[in-house]
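To start, the structure itself, in structure tokens.
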Amino acid sequence: MADEPRSGARAVDRAVEVLNCFQGDDPELSLSDLAQLAGLPVSTTHRLAQALVRGGLLEQDPANDRYRVGQGLATLARPALSRLGLDAIAPHLYALAAGIGITVSVSVPDDSDAVTVFQARPPITFCHHQVPRPRQSLHTSATGHALLAYSPARAAADLDLDRVRHTGFASELIETEDPIRALAVPIVGPGKQVQGALAVQARSARLNSELIRAVVPAMRIAAGRIGPMLQTTGGPALSVAEFRSR
């Protein structure tokens, strides 16, 4: 694959593609990983990654030359975190995670996906099964169903969404070698509008029906507390009558 001319706009687009590679579960990526994920030549990826390192947006581990998100990117993200209200809701999420012993995540709608914007891990009993995908389909995931269930635009005869409205939470079995159970409840903000979804997931052997009965009420209480603090744009609308009837 040959390099293209280094136009300013194209270079910025490519740098963004490199940064977007870190949306996944891997905290560190090699140069070849970055090139493959970004769909760029290795030489171009190296040039962009080094520029991002110099700018503090990425860091490179001197022990293995792998790249990771830099402190500069966290600094740039701070105003957005505050604007979304994530600074205010973080203590509630960490308290919930510690109480139930499972990682807690918050997702917001973005086009046809639910995008994870915050995770709070428990001080103990963490495992990688508890980390959700960065983006999940609104129509096939527990998180997406929690966001859609109270939307006027939902399908009239959608049994999955009807079930969410009846039980107050969404459930999804993720089929893997070691199946994972995901649960999600809507986060309702001012004006009775669904602002996001609060979700947990763990091995289904652990997150069984008994634990679900214990976890869901705690999730709903936490969602009620953080709803007024979470500030997002858009989101499925929820009428007062619909909210009270759940």
Could you grab the distance from atom CD of Glu59 to atom CD of Glu28, nearest 0.5 Å is fine? 9.5 Å
Leu40 reachable from Leu57 in the ILVMFWY side-chain graph, under 4.5 Å edges: yes
Shortest non-hydrogen pair, Ala146 vs Ala197, comes out as CB-CB, 4.1 Å
Please check if Leu96 and Ile89 belong to a single hydrophobic cluster, counting links between Ile, Leu, Val, Met, Phe, Trp and Tyr side chain heavy atoms closer than 4.5 Å. yes
Measuring from Arg135:CZ to Ser112:OG, what's the distance to the nearest 0.5 Å? 7.5 Å
What residue pairs, at least two apart or across chains, pass salt bridge (Lys or Arg N to Asp or Glu O under 4.0 Å) with a residue in residues 171-191? Asp178-Arg203
Joint hydrophobic cluster, Leu183 plus Val108, side-chain heavy atoms closer than 4.5 Å: yes
I want to check something: taking the side chain as every heavy atom from C-beta on, are Val131 and Thr103 in contact at a cut-off of under 4.5 Å? no
Going from CG on Leu148 to CG on Leu138, what distance comes out if it is rounded to the nearest 0.5 angstrom? 5.0 Å
Can you establish whether the number of heavy atoms outside Gln36 located under 6.0 Å from its atom CD is more than 12? no
Ile226 side chain near Ile187 side chain, heavy-atom distance below 4.5 Å: yes
Output for pair (Arg66 CZ, Ser32 OG), nearest 0.5 Å, gives 8.0 Å
Which atom names give the shortest non-hydrogen contact between Leu207 and Ala202, and what distance separates them? CD2-N, 4.1 Å
Do the side-chain N and O atoms of Ser141 and Thr143 include a donor-acceptor pair separated by under 3.5 angstrom? no
Between CD on residue Glu17 and CG on residue Leu19, distance to nearest 0.5 Å: 10.5 Å
What are the two closest non-hydrogen atoms of Tyr94 and Phe118, and how far apart are they? CE1-CZ, 3.9 Å
